[in-house]
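Treat the numbers as computed from the prediction; the structure is a model and nothing was measured. Chain A is the first sequence line, chain B the second, and so forth, proteins listed ahead of strands; every chain is numbered from 1.
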Amino acid sequence: MKKAKLHNGGNIPKSSTGSRSDPRLSNPGKCVGVSKLPEISCTKPKIPSGNSTTASPSGDNFFLRGVIISIIPERVPKARVDLLRKRIGERGGGIVTFHPQGALDETVTHYVVDDSVDAEEALRVFLMKQPDLEALSETLSNVQCLPCKWISGSLMSRTRLDEGGFFLHRQLLDLITRKMTASRKLDCTPPKSAFALFSLAVLATPFACTPKSEPSSMLSVNAGTGGDGSGIKRKWESIAEHASSGYEDSGGAESSDSDEEDSDVDEEFLARVQPGHMPFAAKFVCSYPSSSGRKNVNGHITDQLEKLQNTYKSTGQDFRAMAYGKAIGTVRNAPRITKIEDIKGLRGIGSGIKSKIIEILETGACEKVAAYCMDNEMNKAIELFCGIHGVSSKTALKWASSNLRTLEELPEKVRLNRVQQIGLKHYHDFLERIPRSEVVEIESTVKEAALRLQDGLELITCGSYRRGKPTCGDVDILVTHPDGKSHRNIFAPLLDSLRSSGFITDDLLVADEGSQKKFLGVCLLPNPGAKHRRLDIIVVPYSEFGCALLYFTGSAHFNRSMRSLAHKANMALSHHSLNKNAVRVGKKKVSDGEPLPGMITEKAIFDYLGLKYLEPADRDH
DNA sequence: GAACAGACTAT
DNA sequence: ATAGTC
DNA sequence: GTTC
Ligand SMILES: O=c1ccn([C@H]2C[C@H](O)[C@@H](COP(=O)(O)OP(=O)(O)OP(=O)(O)O)O2)c(=O)[nH]1
Ligand SMILES: [Mg+2]
């Protein structure tokens, strides 16, 4: 099942970690800073000449004369916004509050966004105000969209810095033209603005304020419906639902450099600290059984945090979403939180989430949730599209940004790849979870076909089924053979057999090569009213059985935790093997190390890592 | 400021 | 290289 | 967003 995919790319939140006690994101008032600087806050000097780069001579105390700035508050700490407002006013600039909903204010000459905001993210915000790409490009071509460091630098140097020295604006314009070109292809609408051609010509070189691969977002702000609704199970959801305490890093104990290249140091070390625990294992959730059964006494808090987590996930801010997942896990397992001191010492809760919890404690809700996770068209469309197998945050956002809103219009208006076509075809079936009894039927069907082909094959249904969940998102079947070789020639024949019986209806992915074979696809039981179900089959050599079983049983969060732990111990754990002496420089692997022999059971792997064995049901983190 | 799991396919 | 999935 |  898909669910919590984590594509690469780090989300770089940069600033914003401040101690802001939650910004009042949307102020109904038109002018910002009313309380502090009434005299300037509503000034709107006439626009000088759009985006001219006329820098005032230094020494001019009012070098921002004629400039009307709108600060997009998302991710800029409130304290910083307040300070900027004040300083801008002092230098003769005007300020207009940024309203997520209303139309773009025509008088604004400069939009300022947090330094960590990239072009894609900025576009998303502007699209909420002006959904029409062409109109937007028209408007934006007459203003500047700049990172925060432009205004801070200007204030610092008492000079209006040359806007041309910042790439964000050009990147934004370029992004818009690319999108217009793309949607024109779809609509067969002819190009319009000459500006589009121009900006193509000035494509900027990525730099400084350039996207870091994850467009972190700042969808907008708007008080109002704290929407959530949606009965559909989002794919990006539940990335770490049951985390016990965050699986991260070790505390003090750092081994790192020092040699110990020698083969046996590892074993000796482990043997010494054995039976049991690496000195740093304490901070990894894979050291503890998952909290099955215990009830969450902080539901009022985790509910709010989950909304933020889901929104971050759906907008591609995976690391931020993951951080929320860890925080949610610790809050869920903590005793009832009623006061600020109760938060102290909880792992995964830093200043940002702490302030939100405090707000929930005091007011019963969190403004950021209402503002950010709002139930608007855009968010609903993104959520809808993310429900398609083969579609995730990037694609969903792209489609929603080009004003697509329903499943029906997709086939005609965008180019769906093969997988997405299948995903769309079974959209509703795939959203349903599978009762265990039906998993058993599917398992039996596959098992019978397999055993007809080869005696002695072992089939184990893994995933959430093996962890004992009452319903499953899909069926994950591992196939191996204890003789170490009879697994080899059964993969394709097995699939052929299941296809010809009509059981397998679609292939999503067939991976033939490599020691492990993998099938991701769709099956259908020959029962009246049966639904199409996602079926994953892997065929593995017996030598990799332990690692493969461990992997395929999960949970995903548990796996990540255990792999982190292995990594910390200079090992590397994958679905193939547990390697020792794995060497990495940063996150780049220099040497895979050597696979450890004998890791043919899950127990052996737990042991080698110094972990207490956990039953599958206790790995449901 | 780097890391946050690790491996795989499709495009 | 990016997007998506397990 | 959090940790080291
Ligand atoms: O990002 C991932 C996703 C999955 N897995 C492993 C663990 C997981 O248990 C197994 C099967 O994946 P699936 O997506 O089916 O998860 P599940 O645990 O079976 O849950 P669901 O009930 O949604 O199928 O593959 C990972 O290691 N990383
Ligand atoms: Mg599954």
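Neither OP1 nor OP2 of B:dA3 sits under 4.0 Å from any side-chain N or O of A:R563. In this model, the phosphate group of C:dT5 is not approached by any side-chain N or O of A:K518 to a distance below 4.0 Å at OP1 or OP2. Between A:K398 and C:dA3, a side-chain N or O to OP1/OP2 separation shorter than 4.0 Å is absent. Within the 4.0 Å cut-off from OP1 or OP2 of B:dA3, not a single side-chain nitrogen or oxygen of A:H567 is found.
The CG-P distance, from A:L416 to C:dG4, rounds to 13 Å in whole Å. Atom pair A:L573:CG and B:dA7:C1' shows a separation of 12 Å (rounding to whole Å applied). Distance CD (A:Q421) to P (B:dT11): 10 Å, rounded to an integer number of Å. Taking atom CE of A:M571 as the reference point, atom P of B:dA5 lies 17 Å away to the nearest angstrom. Atom C1' of nucleotide B:dC4 and atom OH of A:Y324 are separated by 16 Å, given to the nearest angstrom. Computed from coordinates, the A:R418 CZ to B:dT9 P distance equals 14 Å when rounded to whole Å. A straight line from NZ of A:K568 to C1' of D:dT3 spans 10 Å, rounded to a whole angstrom. Counting to the nearest Å, the P atom of B:dA3 and the CZ atom of A:R584 are 9 Å from each other.
With 3.5 Å as the limit, one finds a donor-acceptor pair spanning the side chains of A:T553 and A:R466.
Side-chain proximity of A:R347 to B:dT9, B:dA5, D:dT3: nearest is D:dT3. Nearest to the side-chain atoms of A:R320 among the listed nucleotides B:dC4, D:dG1, D:dC4 stands D:dG1. With B:dT9, C:dG4, D:dC4 as the choices, the nucleotide that has an atom nearest any side-chain atom of A:L509 turns out to be B:dT9. Taking only side-chain atoms of A:K394, from C-beta outward, the nucleotide of B:dT9, C:dG4, D:dG1 with the closest atom is C:dG4. Closest contact between the side chain of A:M322 and the listed nucleotides B:dG6, B:dA5, D:dT2 involves B:dA5. Among the nucleotides C:dA3, D:dC4, B:dA5, the one closest to the side chain of A:K283 is D:dC4. Of the candidate nucleotides C:dA3, B:dA7, B:dA5, C:dA3 has the atom lying nearest to any side-chain atom of A:T395. For A:R534, the listed nucleotide lying nearest its side chain is C:dT5; candidates were B:dA7, C:dT5, B:dT11. Considering only the side chain of A:S351, D:dT2 comes nearest among B:dT11, B:dG6, D:dT2. Minimum atom distance to the side chain of A:K587 is reached by B:dC4, of the listed B:dA5, B:dC4, D:dG1.
When all heavy atoms are compared, the tightest approach of A:V540 to A:A548 is CG1-CB, 3.8 Å.
Among the protein residues, A:I538 comes within range of no part of the nucleic acid, since none of its heavy atoms lies under 4.0 Å from any strand. When heavy atoms are screened at a 4.0 angstrom cut-off, A:L508 is found touching no nucleic acid atom at all.
Residues A:H426 and A:K531 are not in side-chain contact: their nearest non-hydrogen atoms beyond the backbone lie 4.5 Å or more apart.
Without hydrogens or angle criteria, A:R418 side chain to A:L508 main chain gives a donor-acceptor distance under 3.5 Å. Looking only at distances, no side-chain donor or acceptor of A:K589 sits under 3.5 Å from a matching main-chain atom of A:R584.
Rounding to the nearest 0.5 Å gives a distance of 10.5 Å between NZ of A:K398 and CG of A:L404.
Taking atom C1' in both C:dG4 and B:dA5, the straight-line distance is 16 Å, to the nearest Å. Going from the P atom of B:dA7 to that of D:dG1 covers 30 Å, rounded to whole Å.
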